[in-house]
Enquirer: 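One structure is given below, represented as structure tokens, and several questions about it will come after.
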Amino acid sequence: MKEVKIETTLEVYDSMTELPKDVQQLMQSAIKARENAYSPYSKFNVGAAILLDNEEIVSGSNQENASYPSGLCAERTAIYYAGANYPKSKMLKMALTASSQNQVTGKPIPPCGACRQAIAEYEIKQDQPIEIYFMGAEGKVVKSESLANLLPLLFESSVL
Ligand code: THU
């Protein structure tokens, strides 16, 4: 038996105002996108914004459905839009924010497992890391240099 240790490094910022200006702007886009969440069932609003290498920002929010599994997270709404409409552009940075209609979401909310897998696909496709920044409705922001830091042991297409 051999023990394998997996380590990851994240940066924590006390507030959005500590972020570089371009990331603050990206987070503002995510906050704006969050307002368009359609979340009558969970009452949980998520916004995602992606900065492309052509300097455009693509954003998305979670879209729910009465048939619950038919809904989609904000991250995948945004990243699939980017993949569909800007297939040749690289995705440089992604900002995420989430707020509950039931309570104050003060802690940073990381992307769910399914979204991590989806983001990882594009990181591998473009052969360049995507910086991920995530927060709640307010307060601390966590930065990961790459999606790979958030998803060790991802499922890779090389095994297919
Ligand atoms: N949600 C996201 O949009 N992103 C995540 O990473 C986690 C969850 C959405 C899906 C659903 O509409 C609501 O939040 C509650 O799960």
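We count ligands from 1, going down the list as the structure has it; atoms in each ligand are counted the same way. Numbers for residues simply follow the sequence, beginning at 1.
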Enquirer: Taking N or O atoms only and a 3.5 Å limit, does Val46 qualify as a polar contact for ligand 1?
Expert: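 By distance alone, the answer is no.
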Enquirer: For residues Leu151 and Ile130: do they belong to one hydrophobic cluster (side chain heavy atoms under 4.5 Å, members Ile, Leu, Val, Met, Phe, Trp, Tyr)?
Expert: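 Yes, it is one cluster - the side chains of Leu151 and Ile130 are joined through contacts under 4.5 Å.
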Enquirer: Ignoring hydrogens and angles, tell me if any N or O in the side chain of Arg34 forms a donor-acceptor pair with the backbone of Ala98 under 3.5 Å.
Expert: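 No; zero donor-acceptor contacts below 3.5 Å.
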Enquirer: Answer yes or no for atom 12 (O) of ligand 1: protein heavy atom present at a distance under 4.0 Å?
Expert: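 Looking at atom 12 (O) of ligand 1, one finds that a protein heavy atom does lie closer than 4.0 Å.
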Enquirer: Would you mind checking which non-hydrogen protein atom is closest to atom 3 (O) of ligand 1, with the distance to 0.1 Å?
Expert: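 Looking at atom 3 (O) of ligand 1, the protein heavy atom closest to it is Ala74 N, 2.9 Å.
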Enquirer: Are any of the side-chain nitrogens in Lys90 or Asp127 under 4.0 Å away from the carboxylate oxygens of its partner?
Expert: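 Judged by the 4.0 Å cut-off on N to carboxylate O distance, Lys90 and Asp127 do not form a salt bridge.
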Enquirer: With respect to atom 14 (O) of ligand 1, which of Tyr68, Tyr38, Tyr41, Phe44 exhibits the smallest heavy-atom separation?
Expert: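 Comparing heavy atoms across Tyr68, Tyr38, Tyr41, Phe44, the nearest one to atom 14 (O) of ligand 1 lies in Phe44.
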Enquirer: Looking only at protein heavy atoms, which one is nearest to atom 9 (C) of ligand 1, and how far off is it?
Expert: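 Going atom by atom, the protein heavy atom closest to atom 9 (C) of ligand 1 ends up being Asn62 ND2, 3.6 Å.
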Enquirer: Please report the C-alpha distance between Ile109 and Phe44 in whole Å, then the side-chain angles of each, then the deciding distance to 0.1 Å, and finally whether the side-chain contact (heavy atoms from CB on, under 4.5 Å) criterion is met.
Expert: CA-CA 11 Å; Ile109 308 291; Phe44 194 70; 4.2 Å; yes
Enquirer: Atom 4 (N) of ligand 1: which of Glu75, Arg34, Gln63, Arg116 has the nearest heavy atom?
Expert: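 Comparing heavy atoms across Glu75, Arg34, Gln63, Arg116, the nearest one to atom 4 (N) of ligand 1 lies in Glu75.
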Enquirer: Please identify which atoms of ligand 1 are closer than 4.0 Å to at least one heavy atom of Pro111.
Expert: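 Result: 6 (O).
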Enquirer: Tell me, yes or no, whether the heavy-atom count around Gln63 atom CD, taken from other residues, nucleotides or ligands under 6.0 Å, exceeds 12.
Expert: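 Buried by this count: over 12 neighbours within 6.0 Å.
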Enquirer: Within the supplied structure, the quantity of interest is the number of heavy atoms (other residues, nucleotides, ligands) at a distance under 6.0 Å from Tyr80 OH; does it exceed 12?
Expert: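 It does: Tyr80 OH has more than 12 such atoms within range.
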Enquirer: Can Glu145 and Lys143 be counted as an ion pair, charged N to O under 4.0 angstrom?
Expert: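 Between Lys143 and Glu145 there is a salt bridge, with a charged N closer than 4.0 Å to a carboxylate O.
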Enquirer: Quick one: look up the protein heavy atom nearest atom 7 (C) of ligand 1 and list residue, atom name and how far away it is.
Expert: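 Here the nearest protein heavy atom works out to Cys112 CB, 3.9 Å.
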Enquirer: In terms of residue, atom name and distance, what is the protein heavy atom nearest to atom 1 (N) of ligand 1?
Expert: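 In this structure, atom 1 (N) of ligand 1 has Cys73 SG, 3.5 Å as its nearest protein heavy atom.
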Enquirer: Below 4.0 angstrom from a heavy atom of Glu64, which ligand 1 atoms are there? Numbered from 1 as shown, please.
Expert: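 The list of qualifying atoms is 11 (C), 12 (O), 13 (C).
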